[in-house]
Amino acid sequence: MADISSIFAGIKSPNPFWLASAPPTDKAYNVVRAYKAGWGGVVWKTLGEDPHVVNVSSRYGAYSYKGNRVAGFNNIELITDRPLDVNLREIKEVKRDWPGRALVVSLMVPCTEESWKSILARVENTGADGIELNFGCPHGMSERGMGAAVGQVPEYVEMVTRWCKQYSRMPVIVKLTPNVTNILGSARAAVRGGADAVSLINTINSIMSIDLDAMAPTPVVDGKGTHGGYCGPAVKPIAMHMVAEISRDPECAGIPISGIGGIETWRDAAEFGALGCGTMQVCTAAMHYGFHIVDDMIDGLKRWMDAKGYATIEDFRGKAVPNVTDWQYLNLNFKTIANINQDLCIKCGLCHIACEDTSHQSIASLLEDGTRKYEVIEEECVGCNLCAHVCPVESCITMNPVDNGLPYLNWTQHPNNPMRKQAAE
Amino acid sequence: MGTSNLTKDSPDISAGRLDLSEYAINFDDAVPPLNPQTARVEANRCYFCYNAPCMTACPTGIDIPGFIKKIATDNLTGAAVRILEQNILGGSCARDCPTEILCEQACVRNAEGESPITIGSLQRYAMDNGLDGMPHPFTRAETTGKRVAVVGGGPAGLACAHRLAMLGHEVTIFEAREKLGGLNEYGVAEYKLANDFAAREVAFIMEIGGIEVKLGTALGRDVTLAGLRAEYDAIFLGLGLGAVKALDCEGETLEGVYNAVDYIASIRQAEDFALLPIGRRIVVIGGGNTAIDIAVQAKRLGAEDVTLVYRRDAEAMSATDHEQEFAQTNGVTIKYWSRPLRIEGVNDHVTKVVFEHTGLDTNGKLVGTGREFVIEADMVFKAIGQSFVADPLKDSEQSLLELSQGRIKADDEGRTSLGGVWAGGDCVAGGQDLTVESVQAGKIAAHSIDRVLRK
């Protein structure tokens, strides 16, 4: 079977699946259970300076969609609320007992050189494999000038990264916040500061829901609520975009990326890998189902790799990156048309009404011998895909490429573009 | 017990065969209601089809995807009102409609090889939970001063009366029995409309106002069609079916031989199920929902052996596959291809029924095979169908209304051959004698009456 062992920024793990820095990695008890379940590594929940922080009750919000629980998740929990000594002692013991698993320590201290210098020495003494700089926590800590408050200012990211490289021999992973307009600002700053890797995304600023009786955001803490960090399956598309931007940025120069954001299955992990990630961090899925979900992530990834002929993760890592391009380079002459498989069609009419009301009026609603029938009007179809997405039946509507004999033509060459590049005379 | 005239042939009939707790379970809802979580999940299975086939399949045309969407968003009052707009008996129809041959059969999920949306149970969920503490959701239009007599307080009459009242007319319902509700009150199995649901639904319908009720008032006995025509601006007849078809076989008059509908009415009106006598061995003859309802209820009263005998096959039974399966899972034995030859008894009380196996001849006609078999029985229930009694419509010997197939002839608006007289429900020819069809007939007739009265 495929070898999925990983060496990420110099950190070895038997598989690329790490638990992200979060409640599941708050103490030795959980981390040992995770290792026993098969996780390749963990990022220990963020350590800070003493006195330790205090957390509120309750702490989590969830977004359920049409009866499916926890499509999205958010939290207003802060960093570890246990004394630094306790955490360091447990980290040292766990690393001693589990030398083959990755153990990275997440850190967040005030933005002064002395604070970072002081904690780095103590962490290094535990024998941990590396550190992850928490520049992303969007709630609570950011109000105190830490977490996202640092991650949103590229100069700070660069400065703190440089301190960490200066005062520690451990690999430095910079965890990036998605709460920025362009992820490349902070990613490039991490590279300039000498980071060994970046990890992303941290959680997204969010209000999960309003309790319409309490008239307050959830989770409601004694009548009030606050924005929290959004994660879980719903954020995966946002995370993948940001990962792809870094992967294809020449200035980021192929820096190792640990992917985070809604990863729940081997397929999610493979997608992040295809976009260049060397490890994949998971939190919400473990919090939803328990640590044993890693079993199918490992097994499924290996079987998929075997089926595709990939012997190691490096064989497919980044393979989709060259195909992520700017809109202006897409072929404007490429055309697809919807096709409805009448044998699979259940006559629900959703394709018709979606197209009729909101798109291009290219699916006819017919009645043949008293039977409902839906048919694509090919000359009207622009190949937008809407019908295929709203159709509840798998593979009933497919988008078929049409051979129109036209050559590749992108926007930079198109006659309608006043800024088009003229072919050389 | 132990008296000398009690022989092995004496009927074994007694009340109180079960523990009291068993009656409570046996006559509670056969299908438990959905809880909020299951309802939301089921509602979200609905694809919200465009021009949905389930709506077309519903005789009352309920906006099914519309009310299901409202359940999905927890707008239960909106869902209930959306149902009631088309079907004021939406609560009882949710419970006793054969959805497996109506809306749920049309569900596109079937075409996917999946189970259909459980529309009936969702409708019940909305009706049970959407109206709590709410005022009656409909108001009456400005009064027209017109008076309409509705004869028969069953589903057709109630639906007609409610709609007429809504449209501003003054309505009087004439009901021969002591309670409104018709078959919902007297004729459907208790476990389908448990906990006095029929009466609660009637009370809800009456909240519209403008409906006077005369109970214990029968057409042809206490009032006449001619008299009503003289007094009212319009008449709606929702008379139902008044007679039970006879077996026409020897021994039918023995003690212990009952009309199923009468015994079901006793069950439905019972204060205490433990007081109802039931035989140890029961034979039910017939193939419709009434046969199923009496067979299962006999079983649930504690009968040991219940055999339902039908002269043709499962396909031909008017009780649906779902109903037949329900009876079988309740321990009822169904024997197909058999017809009664004679009922035999001792001391004027039934002891056995002699049946003959049946089959089809080369012309497809049902014939006896000559092979006989016997089923011993302490009680026999006849459920081979009901028929319309036209006598109350007669003026001397002449029926005032034109009939068709033994029932009242009416057009698609419910207009009879007699001006100013409409009819609907089971007393009218055509249809499958479903509650939901009766509701639609009453509603349509109300609008037809309204159009005429406003001219």
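Letters A, B, ... mirror the listed sequences (proteins, then strands); counts begin at 1. In this text, all values refer to a predicted model and were calculated from it rather than measured experimentally.
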Open item on the list: Under 4.5 Å from any heavy atom of chain A, what part of B:A72 do you find: side chain, backbone, both or neither?
Closed with: neither
Task: B:K409 NZ: over 12 foreign heavy atoms closer than 6.0 Å - done: no
TODO: For atom CZ of A:R303, decide whether the heavy atoms of other residues, nucleotides or ligands shown that lie under 6.0 angstrom number more than 12.
DONE: no
TODO: Sort by residue number and list every member of residues 339-357 of chain A having a non-hydrogen atom under 4.5 Å from chain B.
DONE: A:I346, A:K347, A:C348, A:G349, A:L350, A:H352, A:I353
Task: Under 4.5 Å from a heavy atom of chain A, the part of B:P65 involved - done: neither
TODO: Answer yes or no: are there more than 12 heavy-atom neighbours, outside A:R267 itself, under 6.0 Å from its atom CZ?
DONE: no
Open item on the list: Can you confirm whether A:N404 is buried at CG, in the sense that more than 12 heavy atoms of other residues, nucleotides or ligands lie under 6.0 Å from that atom?
Closed with: yes
Open item on the list: Tell me every residue that passes side-chain hydrogen bond (donor to acceptor under 3.5 Å, both in side chains) with A:K236, counting only those two or more places apart in sequence or in another chain.
Closed with: A:D268, A:E271
